[in-house]
> 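Provided herewith is a single structure, encoded as structure tokens, for subsequent inquiry.
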2 protein chains.
Amino acid sequence: MVTTPVHPLEKKDPKEEILKAALKLFTEKGYFNTSIADIRQLADVSTGTIYHYFKNKEAIADALYTEVVRSLEESFKEIRRLNNAFERLRAILELFFELTENEPEIVRFIVMVRHQEILSQRPPLSQSPPFRLLDRIMEEGIRAGELRRMNPQVATAVFYGTVARMALLRLEGVLEKPLAFYLLDTWTAIWRALAPANEKGA
Amino acid sequence: MVTTPVHPLEKKDPKEEILKAALKLFTEKGYFNTSIADIRQLADVSTGTIYHYFKNKEAIADALYTEVVRSLEESFKEIRRLNNAFERLRAILELFFELTENEPEIVRFIVMVRHQEILSQRPPLSQSPPFRLLDRIMEEGIRAGELRRMNPQVATAVFYGTVARMALLRLEGVLEKPLAFYLLDTWTAIWRALAPANEKGA
DNA sequence: GTCTATAAAGTGATAGAC
DNA sequence: GTCTATCACTTTATAGAC
């Protein structure tokens, strides 16, 4: 974004074009089924340009990983400012459902790509900052009595497992309607699983 | 198994050795990071032997997929004979948790391998027979009033999403204790999410 | 910064002896 | 059925002109 020209329509930033093409190809065909030649073609640049901006193919995936994790962490931090666990979790659910419909490639990258198979250096997403933040949101909610007393890791697994599964089924075309259609049922189920024992069903 | 020799200790079936090695390598390093040479070495056979039993590398992955799906379907069919949704889902949860501890490579293959990236012909696991069976178990449970009235696809997503996430976190080493340790919390959460409205919390 | 041309290496798969 | 040797090809990555 820093290098975006003053007149946006004139010329496109090749680095951004490369990343955009790579995200599309990696999530559609998979990292290993995507060659540099594929990226070159879709981004409409030459091999030399790709290697001018990125050390190698892995570095492209790494840049995507970093950006997605950073953006997710930013959203989660924002959401953490909400008043209680109910509102925070609800907001994260809605964020994922909305992202799945509007930015399917990003969610594909989050829930479908096996990052460890590509980026052996990086931790699995489940240990990246945004997911640690999710764990903390759970711990705080349990401590505050806003969530039922339970193992916080299990709470996170129930929550994120459900959310990610819904996103995956939607991206695979198994769920035919937009995720908004399933939002109420999904939230009711999640909240029943996590709500304090005395609380009503949502 | 058909070709297992009378004296099991004498000679190993090369086909089984190849499959065993491939399962280990595919789930540990990934399909594309595993070369025929790697399989050859671990299975202690020659390249020629591999291509005698399998048309190509993809056919090895296909054989593994077929066997895992078949075995899972068999277990689910057995479990379906139980009396109600409560017992059936509980049994599936326990099956997955036990499998994760005792046969981690099989569960890795189920929850971590991106089959579609390798086997473009096969449906995603979410549409394979055992998972269709799981959907039917949910539908029947809802119709019988053993589960809360809700979209059955959401019910399946909550259930399997949670189970798969717990297995994944365990396989990634995030959960330090055996899954049995988390069984009660996991089941309580799942059952609260799915139980009929009047029912107590497990 | 961007391009074309090409090098260097690894891979899946085959041929043919035993 | 199993082996060794090797082909044919793709792929990543580099060199060097413009």
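A note on names: the letters A, B, ... follow the listed sequences, proteins ahead of strands, and every chain is numbered from 1.
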> Separation of A/Glu17 atom CD from C/dT2 atom P, in whole Å?
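Going from A/Glu17 (CD) to C/dT2 (P), I get 12 Å.
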
> Measure CD1/B/Ile50 against C1'/C/dT11 and give the value in whole Å, please.
13 Å

> The helix from C/dG1-D/dC18 to C/dC18-D/dG1: angle between its terminal axes, five pairs each, to 10°?
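Inter-axis angle at the termini of the helix from C/dG1-D/dC18 to C/dC18-D/dG1: 0°.
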
> In whole Å, what is the span from the CD1 atom of A/Ile39 to the P atom of C/dT2?
16 Å

> Under the 3.5 angstrom rule, does the side chain of B/Arg108 hit a backbone N or O of B/Leu23 as a donor-acceptor pair?
no

> Once you round it to whole Å, what is the distance between P of C/dG1 and CZ of A/Phe54?
13 Å

> Which one of B/His115, B/Arg122, B/Lys57 satisfies the side chain to side chain donor-acceptor pair (under 3.5 Å) criterion with B/Asp62?
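Exactly one option meets the side chain to side chain donor-acceptor pair (under 3.5 Å) with B/Asp62, and it is B/Arg122.
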
> Any salt bridge between B/Arg80 and B/Glu140, counting N to O under 4.0 Å?
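Looking at B/Arg80 and B/Glu140, the cut-off is met.
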
> Report yes or no: do B/Ser35 and B/Asp38 form a side-chain donor-acceptor pair below 3.5 Å?
yes

> Treating primed atoms plus P, OP1 and OP2 as sugar-phosphate and everything else as base, which nucleotides of nucleotides 4-17 of chain D get B, S or - for protein heavy atoms under 4.0 Å?
B-------SBB---

> Give a yes or no answer on whether the side chain of A/Ser75 reaches the backbone of A/Ser71 with a donor-acceptor pair at less than 3.5 Å.
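Indeed, once roles are kept as given, a pair shorter than 3.5 Å links the two residues.
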
> Starting at atom NZ of A/Lys15, determine the distance to atom C1' of C/dT2, rounded to an integer number of angstrom.
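It is 16 Å, rounded to the nearest whole Å.
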
> Centres of the A/Phe109 and A/Phe26 rings: under 6.0 Å?
no

> Please give, in whole Å, the distance from C/dC3 C1' to A/Asp44 CG?
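The answer, rounded to whole Å, is 12 Å.
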
> Judged by atom type as modelled, is there a donor-acceptor pair below 3.5 Å linking the side chain of A/Arg148 to the main-chain atoms of A/Leu194?
no

> Mind checking whether A/Val111 and A/Val163 have side chains closer than 4.5 Å, heavy atoms only?
no

